[in-house]
Amino acid sequence: YNSGYDSLSGFGYTYKKILGQSPSGKASKIVLLLHRLTTPLGPMFACASDLGVCLLSFIDQKNLENDLNKVQQHYKSEIIIGENHHIRQLKKELQEYFDGVRQTFHVSLDLHGTDFQNRAWSELISIQYGSTSSYHQLAERIGQPQSSRALGRANSSNKISIVVPCHRVIGKDGHLHGYNGGVERKKWLIDFEQNMLKECSKKE
């Protein structure tokens, strides 16, 4: 609590469970670093391996403890408080994003999912800043028009908010639907990006 983790009930359990050893009980060469950062939409946790960022979530997300458990199980590794160059780059790029001067992220990502999930997340990243797409449109783009529901499940399993922009996916009817960080944040992010584009157009 003194470190500012009062909003994540499961963190203490996850941290104490794996501190000093991997979930398998054996020493692991892979170290996962967890860092708390602040944003205009509330505090977030970023987790990174040596390869890149593998999690970026708002600390009040209901599925955060489960996502942290999945990450540690995937790597069979411990999670410790700290940051590496991937997290430092992420913080810099997120600050630029919220300042309205960055539209594309270049920080390295360490995504781990099924082939279908990885393909779905790749399509999410391809949605341009300030634009939105429906699950149906994404399904058509990957050549599987009947996979809208599967894409929805892949979208909800995305562990890297904002950088993998699942907030840009809306319903076929144009309405906002579920978002792990909350529909209010989803609306804020969409409105923010569209307003930034309008401001850029005025300057041009």
Side-chain angles (χ1 to χ4, degrees), residues 37-48 52-61 63-64 67 86-111 113 116-145 147-204:
L37 50 89
T38 59
T39 76
L41 291 176
M44 302 183 78
F45 276 125
C47 186
V53 175
C54 56
L55 180 143
L56 177 64
S57 297
F58 294 99
I59 66 172
D60 58 0
Q61 287 185 200
N63 60 342
L64 179 52
D67 284 346
H86 297 303
I87 291 178
R88 287 189 287 273
Q89 183 178 349
L90 172 66
K91 290 197 296 182
K92 177 178 180 294
E93 292 188 5
L94 274 177
Q95 183 63 57
E96 293 169 349
Y97 170 83
F98 283 113
D99 286 343
V101 297
R102 173 175 292 279
Q103 298 182 5
T104 304
F105 290 94
H106 298 297
V107 62
S108 296
L109 303 180
D110 189 3
L111 301 172
F116 183 83
Q117 286 175 329
N118 288 329
R119 190 175 181 186
W121 298 335
S122 178
E123 287 299 325
L124 289 178
I125 293 173
S126 72
I127 302 175
Q128 293 186 352
Y129 179 96
S131 301
T132 58
S133 180
S134 68
Y135 291 120
H136 180 70
Q137 290 172 323
L138 289 177
E140 289 184 330
R141 281 164 55 176
I142 66 173
Q144 299 182 30
S147 64
S148 295
R149 290 188 178 182
L151 278 169
R153 291 192 294 271
N155 192 20
S156 65
S157 64
N158 169 38
K159 298 179 181 63
I160 305 178
S161 299
I162 301 177
V163 178
V164 179
C166 50
H167 63 275
R168 295 175 190 162
V169 181
I170 62 176
K172 189 176 180 180
D173 57 5
H175 294 159
L176 303 184
H177 295 287
Y179 179 61
N180 287 337
V183 176
E184 296 80 7
R185 286 188 175 119
K186 182 172 188 170
K187 183 178 186 304
W188 190 97
L189 288 165
I190 291 174
D191 290 345
F192 170 76
E193 291 181 359
Q194 293 178 346
N195 288 334
M196 287 298 101
L197 284 181
K198 290 178 182 178
E199 290 297 322
C200 289
S201 297
K202 290 179 182 178
K203 292 178 181 178
E204 292 176 358

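Here L189 contributes atom CG and T39 contributes atom OG1; the two are 8.5 Å apart, rounded to the nearest 0.5 Å. Distance check, rounded to the nearest 0.5 Å: CG of N158 to CG of L55 gives 9.5 Å. Remark: I59 CD1 to L37 CG distance equals 10.0 Å, nearest 0.5 Å. The CG atom of L64 sits 10.0 Å away from the SG atom of C47 when rounded to the nearest 0.5 Å. Note that the OG atom of S57 and the CG atom of N63 stand 6.5 Å from one another [nearest 0.5 Å]. With rounding to the nearest 0.5 angstrom, the NZ atom of K159 is 11.5 Å from the CD atom of Q61.
Legend: residues meeting side chain to side chain contact (heavy atoms under 4.5 Å, CB included) with S148, ordered by chain and number and at least two apart, are Y135, H136, A139. Taking the side-chain hydrogen bond (donor to acceptor under 3.5 Å, both in side chains) definition, one finds that T132 meets it with nothing, sequence neighbours left out. E93 is linked by a salt bridge (Lys or Arg N to Asp or Glu O under 4.0 Å) to nothing, counting only residues two or more places apart in sequence or in another chain. Residues passing the salt bridge (Lys or Arg N to Asp or Glu O under 4.0 Å) test with K91, sequence neighbours excluded: E83.
With W121 contributing its side chain and S157 its backbone, the two residues share no donor-acceptor pair below 3.5 Å. Side-chain atoms of S134 come within 3.5 Å of backbone atoms of Q137 as a donor-acceptor pair (strictly under, hydrogens ignored).
Across every non-hydrogen atom of L41 and R185, the tightest pair is O-NE, 2.9 Å. Residue L151 comes nearest to A120 through the heavy atom pair CD2-CB, 3.5 Å, listed as atom of the first residue, atom of the second, then distance. Pairing each heavy atom of D110 with each of G52, the nearest pair is CB-O, 3.7 Å. Closest of all the heavy-atom pairs between G113 and Q117 is CA-OE1, 3.3 Å. Across every non-hydrogen atom of L197 and G130, the tightest pair is CD1-CA, 3.6 Å.
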Mind running side-chain contact (heavy atoms from CB on, under 4.5 Å) on L138 and N155 for me, showing each step along the way? CA-CA 11 Å; L138 289 177; N155 192 20; over 6 Å; no
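Under the 30°/60° scheme for interplanar angles, the aromatic rings of Y129 and Y97 are found to stand perpendicular.
Within the 4.5 Å cutoff, the side chain of F105 has heavy atoms near those of the L94 side chain. Looking at M196 and Q103, their side chains never come closer than 4.5 Å, going by heavy atoms from C-beta outward. Looking at F192 and P40, their side chains never come closer than 4.5 Å, going by heavy atoms from C-beta outward.
Among pairs with a residue in residues 117-140, those fulfilling salt bridge (Lys or Arg N to Asp or Glu O under 4.0 Å) read E123-R141, at least two apart in sequence or across chains.
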Which donor-acceptor pairs under 3.5 Å do side chains of residues 160-171 form with protein atoms, sequence neighbours excluded?
residue: S161; atom: OG; partner: L56; partner atom: O; Å: 3.2
residue: H167; atom: NE2; partner: E193; partner atom: OE2; Å: 3.0
residue: R168; atom: NE; partner: E193; partner atom: OE1; Å: 3.0
residue: R168; atom: NE; partner: E193; partner atom: OE2; Å: 3.4
residue: R168; atom: NH1; partner: I127; partner atom: O; Å: 2.7
residue: R168; atom: NH2; partner: E193; partner atom: OE2; Å: 3.0

